[in-house]
There are 2 protein chains.
Amino acid sequence: MKIGELATLTGCTVQSIRYYEKEQLLPTMQRSDGNYRIYGLAAIEQLKLIKHCRNLDLSLAEIRTLLELKQQPDITCDTVNKIVDSHIEQVALRIKELKHLQEQLRSLRDSCSLKSTVNECGILKKLSVKKT
Amino acid sequence: MKIGELATLTGCTVQSIRYYEKEQLLPTMQRSDGNYRIYGLAAIEQLKLIKHCRNLDLSLAEIRTLLELKQQPDITCDTVNKIVDSHIEQVALRIKELKHLQEQLRSLRDSCSLKSTVNECGILKKLSVKKT
DNA sequence: TTAAACTATATAGTAACTATAGAGTCAAGT
DNA sequence: ACTTGACTCTATAGTTACTATATAGTTTAA
């Protein structure tokens with residue numbers, strides 16, 4: 001299988017597959033006579049894992065760690081848990097921040113009446129004055 | 001006032017102030033004999049506005065638009081409203097996405113028991129199999 | 001055989017900075 | 001007068017996870 005077929009099978013772009021190889025998330029593939037990368041079924045598996053992790057917003061560094069752990073089946077999976085746990089925390093924190101942001105934006109939005117001019121725009125006034 | 005003082009007064013770093021100037025969020029400042037940027041009180045105002053907007057996660061492009069609008073006090077502030085509204089929507093969407101993510105991460109986390117080895121780790125299994 | 005479709009590498013761009021290198025400026029102390 | 005240290009200047013590279021582009025080579029179908 002060549003890279004284009006792998007791309008359509010997994011929903012990745014050709015470029016990102018090459019990028020993952022460069023970043024060591026996929027192994028260096030063997031090449032055909034014409035220097036084309038040749039993939040087997042294992043590559044589909046691995047790319048799907050990568051893609052699923054990316055959908056969960058895991059960083060490439062985190063995914064690389066998971067993949068390395070997968071190569072050592074006999075150690076305990078504490079590290080896997082830790083990665084997921086810390087990621088859950090990060091997401092929770094981000095949600096909290098965004099909710100706070102949402103409140104501020106709404107209160108900002110309420111400070112501008114419909115027909116006013118920029119000159120007396122409550123939003124711009126608030127932005128200029130409010131402390132950081 | 002030189003750039004370092006402005007930085008401490010506003011809580012920005014010296015580099016980011018220079019960056020904002022390069023990106024046209026601050027005007028090109030006049031220079032001293034020794035080629036140092038010289039700032040007045042207006043710069044504090046403007047930097048605080050920028051910083052406050054950044055705290056609200058507005059992009060530099062959005063902030064640039066707001067600052068341009070500020071220069072034209074007589075037009076209606078529809079555009080200001082639109083920027084804020086669209087930003088509120090973006091944040092709401094992101095919160096929704098993150099909540100969905102959070103669910104998936106938690107269900108993933110639940111699939112790994114405490115003492116298992118990587119070999120039989122429910123998390124890695126799920127990640128490999130689950131569809132994108 | 002030739003054109004289309006595919007693949008290869010290398011490089012630059014994205015956002016909003018941060019970090020670094022190398023050089024010039026200024027104020028205070030000796 | 002000289003030097004030291006703190007400050008400033010510009011230019012460049014790095015960050016993340018790609019995407020886009022240019023240029024060149026390969027394969028496949030008509």
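Residue A/Arg37 is in sugar-phosphate contact alone, with no base atom involved, counting any heavy-atom pair closer than 4.0 Å across all strands shown. Within 4.0 Å (heavy atoms only), B/Arg18 reaches at least one base atom of the nucleic acid. Residue contacts for B/Ser32: at a heavy-atom cut-off of 4.0 Å it reaches no nucleic acid atom on any strand shown.
Results of the side-chain contact (heavy atoms from CB on, under 4.5 Å) test with B/Val91 over B/Leu93, B/Ile88, B/Ile95 single out B/Ile95 as the only residue that passes.
The separation between B/Leu56 atom CG and C/dA16 atom P is 14 Å, rounded to whole Å. Atom OH in A/Tyr39 sits about 11 Å away from atom C1' in C/dT7, given to the nearest Å. D/dC18 atom P lies 11 Å from atom CG of A/Leu47, rounded to whole Å. The nearest whole Å value for the distance from the CD1 atom in B/Ile38 to the P atom in D/dT8 is 10 Å. Atom CD1 in B/Ile63 sits about 8 Å away from atom P in C/dA16, given to the nearest Å. Regarding A/Ile17, its CD1 atom lies at a distance of 10 Å from the P atom of C/dA8, rounded to whole Å. Between the C1' atom of C/dC17 and the CG atom of B/Leu26 lies a distance of 14 Å, rounded to the nearest Å. Taking atom CD on B/Gln24 and atom C1' on C/dC17, their separation rounds to 17 Å, with Å as the unit.
Across C/dA8, D/dC7, D/dA17, the shortest atom-to-atom separation from the side chain of B/Tyr36 is found for D/dC7. Closest contact between the side chain of A/Asn35 and the listed nucleotides C/dC26, C/dA8, C/dC17 involves C/dA8. Listed candidates were D/dA20, C/dC6, D/dT8. Nearest to the side chain of B/Val14 is D/dT8. For B/Thr13, counting side-chain heavy atoms from C-beta on, the closest listed nucleotide (D/dT19, C/dT18, C/dT7) is C/dT18.
Side-chain contact check for B/Leu49 versus B/Lys70: some heavy-atom pair is nearer than 4.5 Å.
Of the two residues contacting DNA chain D, namely B/Arg31 and A/Tyr19, the nearest-nucleotide position lying further toward the 5' end is that of B/Arg31. The 5' end of DNA chain C is approached more closely, in terms of each residue's nearest nucleotide, by A/Gly34 than by the other of A/Gly34 and A/Lys22. With DNA chain C read from its 5' end, the first of the two nearest nucleotides for B/Gln15 and B/Leu60 is the one closest to B/Leu60.
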